[in-house]
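Notes to accompany the following structure.
Note on naming: letters A, B, ... go to the chains in the order of the sequence lines (proteins, then strands), and numbering restarts at 1 for each one.
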Protein chains: 2
Amino acid sequence: MAPEDGGTGRRGRGRPAGSRSGTPETRDRILAAAREEFSARGYDKTSIRSIAKSAGVDSSLVHHYFGAKEQIFAASIELSFEPAFGVPDVLAAGPEGVGERLARFFVAIWENPVSRAPMLAILRSAVTNDTAAAVLRGIVLRRLLERVASELKVPEPRLRAELAGAQMIGIAMMRYVIRIEPLASADMEEVVALVAPTLQRYLTDPGPVTG
Amino acid sequence: MAPEDGGTGRRGRGRPAGSRSGTPETRDRILAAAREEFSARGYDKTSIRSIAKSAGVDSSLVHHYFGAKEQIFAASIELSFEPAFGVPDVLAAGPEGVGERLARFFVAIWENPVSRAPMLAILRSAVTNDTAAAVLRGIVLRRLLERVASELKVPEPRLRAELAGAQMIGIAMMRYVIRIEPLASADMEEVVALVAPTLQRYLTDPGPVTG
């Protein structure tokens with residue numbers, strides 16, 4: 001991917017005084033700034049330049065570490081979706097009660113604004129920009145869906161994992177984005193109790209047998 | 001809301017040659033243009049001016065019929081969501097098989113690009129703009145949720161209707177917006193078979209008894 005510069009920071013010329021370059025800290029700082037920018041402004045309105053400005057470095061350094069906007073968006077998604085990558089471990093604990101465990105796992109991520117905000121921001125970008133949707137699709141497929149499907153002992157495990165995911169994404173949309181009552185302020189224990197059997201069935205019940 | 005002008009079209013001055021004004025046809029033409037504009041550009045980028053231009057009328061005439069941008073967006077949603085307003089009739093046919101009927105009803109709306117495109121466009125606007133979300137929320141509540149809830153014989157009928165809606169919205173997001181496989185090209189009969197028991201349970205099964 002991005003070439004290494006051996007920590008010399010040669011490509012960081014022209015950056016504001018006081019900024020560092022060519023170190024892992026710089027890369028992390030750029031990535032944190034990228035996540036902030038994508039969250040606040042969406043994919044369309046974020047540019048390499050705006051990320052560089054927010055990180056206090058030269059644009060060339062952003063290019064150096066991440067390449068094009070598409071790639072830094074991908075890195076930003078990987079960071080924002082980090083909590084969700086724990087799903088395969090939830091499934092690996094076995095089929096009994098997996099619906100409830102999974103519902104609780106998602107709710108815990110969402111009810112914490114620190115993990116919720118960047119995930120919703122990425123959903124927003126994907127809904128409004130095809131490139132952002134393609135990047136999200138690739139990461140969900142590679143980092144989540146393949147691993148989830150390998151844990152399931154049902155026909156069409158990927159399709160079922162996606163239906164379970166669709167249920168949870170739909171709830172997030174209605175609760176946090178459209179904010180429609182009573183779901184927007186429902187007790188999440190009640191939501192978990194209602195949703196758990198849905199996830200349990202998709203992920204563990206081999207029926208219905210279809211054509 | 002918008003004042004009546006008795007069909008005189010007095011406020012349509014300055015419009016391009018050949019346009020009509022002050023007639024029900026003009027109102028319909030403006031509304032159709034609004035729906036097109038909101039679909040193609042989203043809530044943020046659509047203006048009264050761009051709607052007027054697309055409809056071939058003066059901006060004042062758009063104001064005259066619909067008031068502010070928020071109101072014409074509301075009218076545009078009412079038009080786009082017209083197919084979904086049939087949900088209460090689907091429920092009124094009785095609890096037996098309602099999950100399957102409802103899943104099929106949604107799938108029929110989505111699989112037709114003519115009804116799908118404007119609904120997805122409104123979802124996009126609501127996801128990216130708080131005013132658009134508030135308008136959508138009000139219409140879903142008033143035109144759909146209240147009527148749906150009155151058809152259901154379960155505890156917390158609104159919450160359950162929303163969980164069913166969340167399942168279907170999530171599927172639409174993953175199939176048509178993020179376009180993740182295998183859901184993006186799945187046989188919808190198979191999806192209906194898998195989803196029907198979920199909707200059936202939310203809408204007719206009084207359990208689980210919580211708290």
Side-chain angles (χ1 to χ4, degrees), chain A residues 42 44 120 123-128 130 132-134 136-138 140-141 145 149 155-175 177-184 186-187 189-199 201-202 205 207-211, chain B residues 42 44 120 123-128 130 132-134 136-138 140-141 145 149 155-175 177-184 186-187 189-199 201-202 205 207-211:
Chain A
D44 280 335
L120 286 183
L123 209 59
R124 282 194 171 91
S125 287
V127 164
T128 48
D130 282 345
L136 176 61
R137 188 162 64 232
V140 168
L141 193 71
L145 204 56
E156 308 239 38
R158 286 191 185 205
L159 181 60
R160 283 149 173 280
E162 288 175 1
L163 291 175
Q167 173 72 81
M168 300 313 285
I169 285 179
I171 291 173
M173 288 275 297
M174 290 180 81
R175 181 173 172 93
V177 180
I178 305 178
R179 293 198 295 274
I180 194 157
E181 295 294 353
L183 188 52
D187 173 7
E189 278 302 307
E190 187 178 5
V191 173
V192 166
L194 281 163
V195 162
T198 296
L199 306 187
R201 188 173 59 79
Y202 289 147
D205 182 347
V209 179
T210 54
Chain B
D44 280 333
L120 285 183
L123 208 59
R124 281 196 170 91
S125 286
V127 164
T128 48
D130 283 345
L136 176 61
R137 189 161 65 232
V140 168
L141 193 72
L145 205 56
E156 306 239 39
R158 286 190 186 205
L159 181 59
R160 283 149 173 281
E162 289 175 1
L163 291 176
Q167 173 71 82
M168 299 315 283
I169 286 179
I171 291 173
M173 288 275 298
M174 290 180 80
R175 181 173 171 93
V177 180
I178 306 178
R179 292 198 295 276
I180 194 158
E181 296 294 354
L183 187 51
D187 173 8
E189 278 301 306
E190 186 178 8
V191 173
V192 166
L194 281 162
V195 162
T198 296
L199 306 187
R201 187 174 60 80
Y202 289 147
D205 181 347
V209 178
T210 56

| query | How far apart are the C-alpha atoms of B/Asp130 and A/Arg179, what are their side-chain angles, what is the distance that settles it, and do they pass the side-chain contact (heavy atoms from CB on, under 4.5 Å) test? | reply | CA-CA 10 Å; B/Asp130 283 345; A/Arg179 293 198 295 274; 4.1 Å; yes
| request: Mind checking the CG-CE spacing from B/Leu163 to A/Met174? Nearest 0.5 Å is all I need. | output: 8.0 Å
| Just by modelled atom types, is the A/Ile180 backbone N or O under 3.5 Å from a matching donor or acceptor in the B/Arg137 side chain? | no
| remark: When the 4.5 angstrom heavy-atom criterion is applied to B/Arg124 and chain A, the contacting part is both
| Distance-minimising heavy-atom pair for B/Gly207 and A/Leu194 | O-CD2, 4.3 Å
| said: Distance check, rounded to the nearest 0.5 Å: A/Asp187 atom CG versus B/Leu159 atom CG? | reply: 10.0 Å
| Interatomic spacing from CD1 in B/Ile169 to CD in A/Gln167 - rounded to 0.5 Å | 11.0 Å
| request: Sort out for me which of B/Arg175, B/Met168, B/Met173 touches chain A most, counting heavy-atom pairs under 4.5 Å. | output: B/Met173
| request: Any chance you could measure A/Glu181, atom CD, to B/Arg158, atom CZ, to the nearest 0.5 Å? | output: 10.0 Å
| Most heavy-atom pairs under 4.5 angstrom with chain B, which of A/Leu120, A/Val195, A/Asp205? | A/Val195
| field | Residue, of A/Ile178, A/Val140, A/Leu123, that accumulates the most heavy atom pairs under 4.5 Å with chain B | value | A/Ile178
| message | Tell me the closest heavy-atom pair linking A/Ala126 and B/Val177, and the distance in Å. | response | O-CG1, 4.0 Å
| field | Portion of B/Leu145 that has a non-hydrogen atom of chain A nearer than 4.5 angstrom | value | side chain
| request: Would you mind checking which part of B/Glu156 comes under 4.5 Å of any heavy atom in chain A, side chain (CB onward), backbone (N, CA, C, O), both or neither? | output: side chain
| query | Do A/Thr128 and B/Val127 touch side chain to side chain, with heavy atoms closer than 4.5 Å? | reply | no
